[in-house]
Amino acid sequence: MQRNIVRRGLVAGLLSATVVAAVAGCGSSKKAADAQNNKTGAAAATSVQDIGGLDALVAAAKAEGQLNVITLPRDWANYGELIDTFSTKYGIKVNSDNPDGSSQDEINAVKSLKGQDRAPDVLDLGGAFAQSGAKEGLFAPYKVQTWADIPDNQKDADGAWYNDYGGYISIGCDAKKIAVCPQTFADLKKPEYKGKVALNGDPTKSGSAFAGVFAAALANGGSFTNIQPGIDYFAALKKSGNYIPVESTPATIEKGETPISIDWDYLNAGYTKELAAKGIDWKVAVPADGVYGNFYCQAINKTAPHPAAARLWEEFLFSDEGQNLWLKGFARPVRLPKMTTSGKADATLVAALPQVDTTKAQLPAPDQVDAAKKVLTDGWTKALNG
């Protein structure tokens, strides 16, 4: 899977695809056109009140009968269970297209499939793509019922996009193969880790690998406006022989090829149970010297063929149930602070999250990610091979 600068490269079918169906064939649909012409109904609704309340939204979504999602791997942040629960709860068929795609693929699909019944209804995007898509007018503004729980700096004021879940860069380690697991980026320089440290892909294409370089920059005197120390760090780590340019996956971990892997904490933590069944003691630590966090964003396609189902999906994701299901996948839902205070977050799931020194946590702005992406794209290959 190639998630560009937004998702990671990952192929690991941890959950079955019993509910998710393939998206229908090409072509425009009268149903899609009718949905968009219904300007007084769901397609024009900016809140559930505009539709007449949640019960009316549920009825409209059931009448549509389908929801088109895109680039949602079932094993990413517990999306498989989220999709299955939504489908069962409301009796709506979920069509999942291009699960191994990128945020750019999502934007491309919105544009190229406009007016077709197989166009994506909803999107899960990196922040930079969410902002650029909003500027292009691709998204329908909609504020979920729990809108007030989303911090102002994590949503578009008009509801074009809003953060959904996120996590922190972490270091995963096979404790049966590594005597002392590394806890920081500084530790990864030690000679005992020669030939053992990997990212989950090429950081010019893989989002979490890119984030790993950004975290290393923060650990080595860099900042959100200066990723170069992170590039230099990995160049030195490769020169010493510690960093190996092998894409880390559960399969390479099982084979012993990548016993130390830098990845999002919710992905590393999510591997623990799977790997334990194969005799691997997988430990996860968020490095205190480079605490880098980031969120993904939800958005509704402005020309969604199933506008009611799209809005119901968002209501579900940002409900207590949906947020706890992301939490079950070790991802940190955007409403977690409010839900923890109110007691609505599952305390057992919260306790299972990798520990983070939140006083050191840093969250970049989308424009900073864009600028850093350009610097890395221009300099990574030369630095690593120079």
Side-chain angles (χ1 to χ4, degrees), residues 1-3 7-18 72-82 84 99-100 165-185 187-188 190 192-203 206-209 211-212 215 237 242-287 290 292-293 325-332 346 348-356:
M1 162 173 152
Q2 204 71 46
R3 303 292 280 189
R7 296 268 204 268
R8 58 155 291 169
L10 172 65
V11 180
L14 303 183
L15 297 172
S16 64
T18 56
L72 299 184
R74 291 180 59 84
D75 57 341
W76 181 285
N78 204 30
Y79 257 123
E81 188 171 358
L82 279 156
D84 293 348
D100 298 338
Y165 63 89
Y168 296 92
I169 282 298
S170 66
I171 301 172
C173 170
D174 183 349
K176 289 189 176 181
K177 287 188 168 62
I178 305 297
V180 179
C181 284
Q183 302 295 305
T184 64
F185 281 100
D187 286 346
L188 293 175
K190 295 177 180 179
E192 58 261 41
Y193 302 132
K194 187 171 183 178
K196 294 179 169 62
V197 182
L199 289 165
N200 55 19
D202 179 347
S206 161
S208 46
L237 210 63
N242 286 24
Y243 170 65
I244 52 174
V246 174
E247 178 182 343
S248 180
T249 69
T252 62
I253 292 167
E254 184 182 355
K255 292 176 183 177
E257 297 174 358
T258 58
I260 298 173
S261 177
I262 300 168
D263 204 343
W264 291 119
D265 62 342
Y266 53 88
L267 295 178
N268 264 330
Y271 298 153
T272 302
K273 184 177 181 180
E274 176 200 5
L275 293 173
K278 299 174 181 178
I280 298 170
D281 184 13
W282 192 245
K283 302 294 186 183
V284 183
V286 175
Y292 175 96
L325 284 172
W326 264 322
L327 189 58
K328 188 176 179 180
F330 301 98
R332 300 165 199 266
D346 187 312
T348 302
L349 298 178
V350 173
L353 294 172
Q355 295 300 302
V356 178

Side-chain contact, heavy-atom cut-off 4.5 Å: [X] with [Y]?
X      : Y      : result
Glu257 : Ile244 : no
Trp282 : Glu274 : no
Val356 : Arg332 : yes
Thr252 : Glu247 : no
Pro182 : Glu192 : no

If you take all heavy atoms of [X] and [Y], which pair is closest and at what distance?
X      : Y      : result
Leu188 : Tyr193 : CA-CD1, 4.0 Å
Lys283 : Ala175 : CG-CB, 3.8 Å
Ala209 : Asp202 : CB-C, 4.2 Å
Ser248 : Ala198 : CB-CB, 4.0 Å
Ser170 : Pro287 : CA-CD, 3.9 Å
Thr249 : Thr258 : O-OG1, 4.4 Å

Can you tell me how far apart [atom1] ([X]) and [atom2] ([Y]) are? Round to the nearest 0.5 Å.
X      : Y      : atom1 : atom2 : value
Ile260 : Leu199 : CD1   : CG    : 12.0 Å
Trp264 : Tyr168 : CH2   : OH    : 10.5 Å
Asp75  : Leu267 : CG    : CG    : 8.0 Å
Asp84  : Leu325 : CG    : CG    : 10.0 Å
Asp100 : Trp76  : CG    : CH2   : 11.0 Å
Ile280 : Glu254 : CD1   : CD    : 5.5 Å

Determine whether Leu327 and Leu353 satisfy the following criterion, side chain to side chain contact (heavy atoms under 4.5 Å, CB included), listing intermediate values before the conclusion. CA-CA 8 Å; Leu327 189 58; Leu353 294 172; 3.8 Å; yes

Does a donor on one side chain sit under 3.5 Å from an acceptor on the other, for Asn200 and Asp263? yes

Look only at the side chain of Ser208 and the backbone of Ala211, and say whether a donor-acceptor pair between them is shorter than 3.5 Å. no

Could you go step by step and tell me if Phe330 and Asp265 meet the side chain to side chain contact (heavy atoms under 4.5 Å, CB included) rule? CA-CA 7 Å; Phe330 301 98; Asp265 62 342; over 6 Å; no

Would you say CD of Gln355 has more than 12 non-hydrogen atoms from neighbouring residues, nucleotides or ligands within 6.0 angstrom? no

Within the supplied structure, the quantity of interest is the number of heavy atoms (other residues, nucleotides, ligands) at a distance under 6.0 Å from Lys177 NZ; does it exceed 12? yes

Salt-bridged, Asp174 to Lys196, with N to O below 4.0 Å? no

Go through Asn78 and Tyr266 one step at a time and tell me if the side chain to side chain contact (heavy atoms under 4.5 Å, CB included) criterion holds. CA-CA 9 Å; Asn78 204 30; Tyr266 53 88; over 6 Å; no

Determine the interplanar angle of the Tyr165 and Tyr79 rings, folded into 0 to 90°, and report it as parallel if under 30°, tilted if 30 to 60°, perpendicular if over 60°. perpendicular

